[in-house]
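In listed order, ligands and their atoms are each counted from 1.
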Amino acid sequence: YIADGREALQCPTLIEDDRTGMSPETLKRAFLDNLFYLQGVNRTNASPYNYYVALAYTVRDRLLRRFLKSTDTYKQEKVKLVCYFSAEFLMGRYLGNNLANLGIYDLIKETIEELGLDFEEIIEQEPDPGLGNGGLGRLAACFLDSLASLEIPAIGYGIRYEFGIFHQIIQNGWQVEIPDNWLRFGNPWELPRPDESVEVKLGGRTEIYHDDKGQERVQWLPERRILAIPHDTPVPGYKTNTVNALRLWKAEASESFNFEAFNAGLYDQSVAEKMDAETISKVLYPNDNTPAGRELRLAQQYFFVAASLQDLIRIHLKSHKNLQNFHETAAIQLNDTHPAIAIAELMRLLVDENGLEWSKAWTITQKTFAYTNHTLLPEALERWSAALLGKLLPRHLEIIYLINHFFLEDVRTWFPDNEELLGKLSIVEEAGWGNKQIRMANLACVGSHSINGVAALHTELLQKDTLKEFAMLWPEKFYNKTNGVTPRRWILLSNPQLSALFTEKIGDDWLKDLKELRKLEQYLDDPEFRQRWYEIKQANKADLAAYMLKTRNIEVDVNSIFDVQVKRIHEYKRQHLAVLHIIALYNRIKQNPHVDIVPRTFIFGGKAAPGYFMAKLIIKLTNAVAEIVNKDPDVRGRLKVVFLPNFNVSLGQRIYPSADLSEQISTAGKEASGTGNMKFAMNGSLTIGTLDGANIEIREEAGAENFFLFGLTAEEVYAKKAHGYEPMSYYKNNRELKGVIDRIKSGYFSHGDTELFRPIVDSLLYDDQYMLLADYQSYADCQEQVSQAYRDRDKWTRMSILNSVRMAKFSSDRTIWEYCQEIWKVNPVKISLED
Ligand code: 7GP
């Protein structure tokens, strides 16, 4: 057994001790020791949470050797490090993932069960670390998993928010936000490194001075200094020795309190500074696809970027004599514009603090940074008022003006007399008197050697539209990197039964190379295989049904179509289009209670930004429709609507494997990529979707015949807008649609209140920015095809299999490999555990 364990860990030189040993006896001893000595409890009084902590430490111990070996190897071999700068990392629970990646999931599960404990219950104790909002944050987490699994030296840099994304509860149909105090009971996965703290400056002013050589230079005289304390979480690759770090910064006051004030008896004042400093890493802004625009948010962005760059420079200078070749040791990826202020900060560090000449510093900076854009929504592009930026970061504002000056000077020589072009490219937008805005996307484009979109259509639209002037200037800087998701969390961990079937048939290579799944196509005509496929889906549906009964007290039919839409609530994602369709089916039943309808369970989940009124109203509408539909005796259980509160990574792991139908129904041209769409398809859901984001590529891979397509194309959307779109004409000319909207208007779902949902009705009838009415009939027709297809179980199962086994392209391993080859120019580094 010992040998087995060591083999699983590929770690032949380990000494069998309680911190590294893998025999069941050793593991049990380690586990019970961690209960007793770290937490002061024993088997008679331990809570499930105590057991979780004990197990977490047992697993963490078994990661540390690889973690330190990885770090040491990177240092010794002076490797180029991939640095993923992101304001969000939506990591999900660590315990199950770390067990799976170490290849010891079953071993540990058995060992824990031998102790008479409930393994599932222990896994469920871990708070879901929700340090992100949605797609962009979860992508960062999938990327870290793939980087480590591909043995790429990498580090994730971000913020250790004390409060992550709020916990959502539903009260009377409305979303209510509860603070997410995820660190309340500590965090066994992180290693604080106070000795590597750095200082971050804020505010104040700048001053010109002369250095010893008489050179005129600028220095920043900040108003405040804040400590950034790194907390490292190990990120193990799947069955490799590589363990990379996620380094998150916590803000603290440089001094615990002001002694002068304290001694003067001003006790509250003496701690005010401390509280002020700690505010910076206090809470994640809960906005998805909308900038917060608050000073504190800019402070957060600068805080983590400034700390991370100092950290990287420190690492670089350990093995290089100066910063001339900084770009050879760090490839920094900017996850959207949230960390784009890093461009100005690196210039400041190189020029002001290290005395490099401007043009040399600029070359290094451009070679260091690469920028990923995640949204086409123009209102989601970050802009900071120059006044605000200058108040917090006076030197950076000067540097941005200088960068812009030199850049526009170049543009003028390339394109003389083109003021319009200059206006579009400028980092500084003149928005009327005294109202300058700094466009962070422009700064990111100018300061990076690579600009990428996250799906083919998205990159194309960036080049044609959002960033077209930059694409004209520098076509060679543009790349497409279609997103991906990690098959470890999103298949292996989420869907153990399906994973076991894969491995039984083709071995477990698919977990490292998802193309292997293609081999399963040979079983398409095997009735026994299809039967097992079907049974696994039904078993997963039964699990989710039990969860819905327990948490929402709603009973659902596992033979109904599980029709699922889970993602952030946003008008462009069109959750309300699905609601319109539900009401249409309901109306059909009300008109003819005997109508032949394929039973469906509509499952929704997702959070609305707390300040986004329409999104919150869409949640209320969904719940209001659920209340009426679920209890109407005419429906006779054929339709059920369930809104599952607090959609997060853990709930996603439950939901994706249980879905029959994946709703990907954004207005074409609005969803940059989507990644939930990939998770569903990998787990055998069929997609109903528009030609938007990565849906297009999913359909290409799965085959058009295995995809339910509807709606306008992005081009048709633009054309319709250009010709004057009139949603009212769809309402007037489509009886069913009119019936649906009239039903909402009448107060039927709002206890007679005709005002409650008026904002939704009015926005649809008089504006309909996202063209729900234009797409309605196409959607309803397509849903009818879905229902008919579901009646043929064999055919459906075949389509489900083909979707799943053809999703290799959407492994984040593929995505990350492309980034490595084309953008970062880095290669794998083997980690040896030999001393
Ligand atoms: C999201 C996009 O909406 C989604 O389509 C994409 O799959 C994901 O990024 C990963 O690339 N965007 C955000 O989460 C977001 O907040 C605003 O973007 C900056």
Side-chain angles (χ1 to χ4, degrees), residues 84-90 130-144 146 165 284-293 297 301 333-340 371-383 439-441 444 451-459 461-462 466-467 479-486 490 565-575 606-609 612 615 647 649 652 662 664-681 689-698 714 770 810 812 815-816 818-819:
Y84 204 77
F85 277 29
S86 179
E88 305 187 9
F89 286 92
L90 204 42
L131 308 189
N133 276 286
L136 159 156
R138 181 55 227 178
L139 185 75
C142 283
F143 280 5
L144 292 187
S146 284
I165 186 70
L284 166 78
Y285 277 94
N287 300 320
D288 183 88
N289 266 300
T290 43
R297 171 70 173 180
Q301 296 181 349
Q333 192 67 33
L334 302 173
N335 199 20
D336 215 87
T337 56
H338 313 148
Y371 158 54
T372 305
N373 171 288
H374 293 271
T375 184
L376 290 159
L377 304 184
E379 69 271 24
L381 295 180
E382 279 193 301
R383 287 177 160 75
R439 300 164 169 161
M440 299 310 274
I451 302 162
N452 79 280
V454 291
L457 174 70
H458 172 227
T459 302
L461 295 175
L462 275 183
T466 318
L467 301 175
Y479 297 84
N480 176 244
K481 291 285 155 274
T482 297
N483 283 163
V485 302
T486 168
W490 297 113
Q565 189 169 15
V566 286
K567 50 182 80 228
R568 283 299 285 249
I569 312 293
H570 215 296
E571 286 163 283
Y572 86 81
K573 296 178 187 281
R574 303 199 294 191
Q575 280 90 356
K607 293 173 186 176
Y612 188 173
F647 180 65
V649 172
S662 152
Q664 307 301 334
I665 61 178
S666 52
T667 317
K670 300 292 178 193
E671 188 69 273
S673 161
T675 44
N677 46 5
M678 302 167 185
K679 297 165 195 169
F680 278 111
T690 48
L691 285 178
D692 200 14
N695 295 353
I696 298 173
E697 292 157 77
I698 290 175
Y770 298 107
F810 308 104
S812 44
T815 313
I816 283 299
E818 288 180 6
Y819 276 97

Q: Of all the heavy-atom pairs spanning A672 and H374, show the shortest one and how long it is.
A: CB-O, 3.3 Å

**Q.** Among N133, N289, L376, closest by any non-hydrogen atom to atom 15 (C) of ligand 1
**A.** N289

Q: Begin with the C-alpha distance, continue with both residues' side-chain angles, and end with the deciding distance and a verdict on side-chain contact (heavy atoms from CB on, under 4.5 Å) for I165 and K607.
A: CA-CA 9 Å; I165 186 70; K607 293 173 186 176; 3.7 Å; yes

Q. Looking only at distance, does Y572 have an N or O less than 3.5 Å from an N or O of ligand 1?
A. yes

**Q.** Residue selection (non-hydrogen contact nearest atom 7 (O) of ligand 1) among G674, A694, C142, G135
**A.** G674

Q: With heavy atoms under 4.0 Å as the rule, classify the contact between N483 and ligand 1 as side chain, backbone, both or neither.
A: side chain

**Q.** P286 side chain reached by N133 side chain, heavy atoms, under 4.5 Å
**A.** yes

(Q) Could you check whether any side-chain heavy atom of N287 comes within less than 4.5 Å of a side-chain heavy atom of R297, counting everything from C-beta outward? (A) no

(Q) Just so I know, are the side chains of E382 and Q301 near enough to count as touching, which here means a heavy-atom distance under 4.5 Å? (A) yes

Q) Just one of T815, N483, V485 clears the side-chain contact (heavy atoms from CB on, under 4.5 Å) bar with C142, so which one? A) V485

**Q.** Close approach of H338 to ligand 1, heavy atoms, under 4.0 angstrom
**A.** yes

Q: Number the atoms of ligand 1 from 1 as they appear, then name those within less than 4.0 Å of a heavy atom of A672, with their elements.
A: 5 (O)

Q) Between D692 and K573, is any pair of side-chain heavy atoms under 4.5 Å apart? A) no

Q | Closest candidate by heavy atom, reference atom 1 (C) of ligand 1, pool H374, E88, E671, K670 | A | H374

Q. Using 30° and 60° as the class limits, which term best fits the ring planes of Y770 and Y572: parallel, tilted or perpendicular?
A. tilted

Q.
I need the atoms of ligand 1 closer than 4.0 Å to a non-hydrogen atom of D336, numbered in the order shown.
A. 19 (C)

Q) How far is atom 13 (C) of ligand 1 from its nearest protein heavy atom, and which residue and atom is that? A) L136 CB, 3.6 Å

Q) How does A380 reach ligand 1, if at all, at less than 4.0 Å between non-hydrogen atoms: by side chain, backbone, both, or neither? A) neither

Q | For V454, atoms of ligand 1 separated by under 4.0 Å from a heavy atom | A | 11 (O)

